[in-house]
Structure formats: C-alpha cells, structure tokens
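Comments concern the structure below.
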Amino acid sequence: MANNNYVISTLGSHSALQILKGARDEGFKNLVICKRGASQPYRSFKVADKIIEVDNYEEIHELEKQLIKDNVILIPHGSFVNALSFDGLNELRIKYFGNKAVLPWEENRTKQREWLSKAGLVVPKLYQDPSDIDGPTIIKFFGARGGKGFFLARNEQEFRKKIAPHKDKKYVIQEYIIGAPLYIHYFYSPLNQELEVMSMDRRYETNVDSIGRIAAKDQIDLNIESSYNIMGNQPLVVRESLLPEIFRMGEQVVKQSKKLIPGGLFGPFCLETVVTPDLDVYVFEISARIVAGTNPYINGSPYTDLRYDGPMSTGRRVAREINDAIKSNRLEKVLHSDKAS
Ligand code: AMP
C-alpha cells in the first residue's frame with residue numbers, strides 16, 4: 001500500500017523521528033528538513049527517505065515551490081512556530097496537516113484560558129495584581145519554551161524581587177497547584193469525529209525533578225531556585241477510574257474549539273494538567289499539536305495497544321488519518337484550509 005503520490009514531511013527536531021517512521025509504516029514516502037549539523041539522528045535511525053539540510057529553517061520559503069510540486073504534506077510539531085514564526089507559517093502554501101487558525105489560540109495564554117474555561121475545565125486561578133498573591137504562585141512568561149525561566153513566588157515582595165531582571169517581558173501570575181503533573185495526549189479525527197486517548201507522560205524537568213536528590217538542608221544552604229526546563233519525558237498510565245473524566249475533558253475541548261475557532265481543533269493535542277490529592281484535574285495549558293511526550297511510544301502505548309492491532313504512535317496515527325482521508329477522497333478535511341480561517 002504505497003501512497004507514492006504524497007510525501008510526508010516535517011522539521012528535524014521535537015517528534016520528527018516518530019512522524020517519519022509513522023509515515024513509512026503507513027506506506028508514504030517521507031522527507032525531513034534539518035538544520036545543517038543536526039541530521040545525524042535521522043540518518044542513523046534510518047527513518048528518512050530524503051534529508052534536506054538548511055542553514056536556517058526560513059529557507060523553507062525558497063524550497064516551497066518544489067515542495068508543493070512534490071506533493072509534500074507538512075506535519076507541524078512543537079518547534080514549528082519557533083522555527084518559522086507565526087507569519088512565516090501562515091504564509092506557507094505547502095499542504096499542512098491541521099488547522100492554522102488554532103495557532104493564535106495556542107500561543108496566547110489569555111486565549112488558551114478562555115478556551116479551557118469555556119470548555120468547563122478546571123483551570124488554576126490567575127492573579128491580576130501582584131498585591132493579590134495570597135498563596136503559592138508560578139510566574140510564566142509569554143512564549144517561554146519548555147518552562148524556561150518560570151519562577152515561584154509566595155507573596156508580593158518575593159514576586160517583585162524575582163521579576164526585577166525581567167523588565168520588558170509579558171507574564172502571567174498563576175496559582176501553583178500542589179499535585180502530580182500529568183500530560184494527556186489525545187487525537188481527534190475530523191473524518192469519524194471521534195476522540196482517542198493515545199498516551200500520557202510526565203515530564204522530566206531540570207532542576208525541579210532532581211532537587212529531591214539532595215537533602216532539604218542542602219537545598220536551602222545552596223540557595224537553589226526551582227526551574228522547569230524540560231529535558232525529557234517518562235511514560236505514564238493513570239488509575240483507570242480517572243479515564244472517564246479524561247475522555248470528557250478532551251471531548252469538551254474539541255467541542256468548544258468548534259465554537260471559538262473556524263474549522264476547530266483536529267489531529268493530535270495535549271492537555272497539561274496537575275492532579276491534586278482530591279483527584280481534581282487542573283488544566284494549566286493546551287498544546288494543539290503533537291507533543292514530545294508521545295516520543296516514548298513510537299511502538300505504541302498501553303492505550304493504543306488496546307485499540308489497534310499493531311504499533312500505533314501518534315506520528316503514525318497522523319499518517320493513518322491522512323491515508324484514510326485519501327482513500328475516502330476527503331484529503332481536504334485533514335489539511336489546513338484558508339477558507340476556514
Ligand atoms: P508549562 O511551560 O506551562 O508547561 O509549565 C512548565 C512546568 O511548570 C510544568 O511542566 C509543571 O511542572 C509546572 N507548572 C506549570 N503550571 C503549573 C501550575 N499552575 N501548578 C503547578 N505546576 C505548574
């Protein structure tokens with residue numbers, strides 16, 4: 001079953017390995033666009049049919065004509081906006097899996113909050129004024145990647161001291177939820193309008209996830225500040241009784257997206273949550289595309305094992321959706337359409 005007419009392509013980082021392998025497993029040719037010097041993993045793991053090396057990702061605009069001619073379908077991942085910029089991504093006329101109209105909603109923390117709240121999910125409290133801080137808070141910068149630079153503050157005084165070096169940055173002050181982080185990976189099919197739970201992960205963040213390796217006394221003596229810079233992901237499953245709520249949350253997010261965003265959300269997405277000791281699930285962020293937390297599951301997850309006969313990564317699920325769309329003459333249903341935005 002070779003889908004020789006289309007080439008599935010992505011940028012060489014984030015979750016490209018599983019996207020490329022998933023494309024192949026579904027019978028597509030693939031292509032990866034890499035920064036010069038960063039192509040070794042794609043060669044060594046033998047997942048790429050073709051590798052194009054560029055000095056700068058923006059060179060994709062020069063390649064655009066050829067990529068369109070070659071029937072390339074781009075699969076966006078978490079490095080796309082950073083690599084190509086919003087406007088750059090919007091300008092691209094290459095076929096694109098997903099809905100670009102979702103991007104501004106994902107990028108803006110205020111809009112995200114509106115979306116999640118309107119979907120009826122529990123979100124952490126936001127503090128409008130530092131003088132209102134009356135408990136643990138986390139200060140997040142707009143556009144910060146992987147939690148880099150976030151800090152904690154318990155009161156206004158601590159906040160003022162820690163914000164001082166970040167004068168011109170936009171930020172939000174969010175209630176810090178004490179609980180266990182849980183990242184839920186979903187896939188919503190625009191073809192059969194069904195929501196799937198693909199997998200889950202917990203992030204491995206430096207240094208918060210390793211501070212416990214030294215004694216509390218040393219933590220204080222060394223004056224360590226928590227940081228949340230992500231360096232990897234660990235697999236996870238939840239207690240089964242949480243699953244009905246997890247499905248409900250995903251379904252509500254999709255339903256609400258159809259009301260707020262022309263064309264709505266489809267394809268892979270992730271709800272980033274903290275689960276409290278009362279098992280309340282607080283959602284603090286949404287990623288509206290494949291997340292790197294799916295990378296431990298190139299061979300499928302315990303959840304995809306239940307539903308599919310063979311290994312099903314999220315990358316492969318994307319290719320499967322494109323495959324199904326082609327077979328049923330509905331390719332436009334899974335690609336960005338300028339008419340929707
Ligand atoms: P983010 O960049 O929003 O994914 O946040 C980075 C990390 O900060 C997360 O992985 C969590 O460990 C932590 N975090 C973010 N928001 C909260 C919150 N409201 N309560 C507790 N932990 C949080």
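Atoms within each ligand, like the ligands themselves, are counted from 1 in listed order. Predicted, not measured: the structure shown is a model, and the values here were computed from it.
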Ring-face cation of Lys169 near Phe142 (centre distance under 6.0 Å, axis angle within 45°)
no
From the options Phe150, Tyr183, Tyr282, select the one whose nearest heavy atom is closest to atom 9 (C) of ligand 1.
Tyr183
Ligand 1 atoms in contact with Arg203 (distance to a heavy atom under 4.0 Å):
4 (O)
Go through ligand 1 atom by atom and flag the ones less than 4.0 Å from a non-hydrogen atom of Glu272.
4 (O)
What closest approach, in Å, do His14 and Ile290 show between heavy atoms, and which atom pair accounts for it?
CE1-O, 3.3 Å
Pick out which of Lys327, Arg316, Lys21 makes a salt bridge (Lys or Arg N to Asp or Glu O under 4.0 Å) with Glu26.
Arg316
Just let me know how Tyr176 lines up against ligand 1, side chain, backbone, both or neither, with a heavy-atom cut-off below 4.0 Å.
both
What is the ring orientation for Phe151 with Phe141, classed by angle as parallel under 30°, tilted 30 to 60°, or perpendicular over 60°?
tilted
With heavy atoms of Ile177 as the reference, note each atom of ligand 1 found under 4.0 Å away.
18 (C), 20 (N), 21 (C)
So, are Glu59 and Arg36 salt-bridged, with charged N and O less than 4.0 Å apart?
no
Counting C-beta onward and ignoring hydrogens, is there a side-chain heavy-atom pair between Ile60 and Ile33 closer than 4.5 Å?
yes
Should the proximity of Ile138 to ligand 1, defined as any heavy atom under 4.0 Å, be assigned to the side chain, the backbone, both, or neither?
side chain
Against heavy atoms of Lys140, which atoms of ligand 1 measure under 4.0 Å?
3 (O), 15 (C), 16 (N)
Where is the tightest heavy-atom contact between Leu265 and Ser257, given as atom of each residue plus distance?
N-OG, 2.9 Å
Atoms in ligand 1 with a heavy atom of Glu285 nearer than 4.0 Å:
1 (P), 2 (O), 3 (O), 4 (O)
Side chain, backbone, both or neither: the part of Glu175 lying under 4.0 Å from ligand 1 by heavy atom
backbone
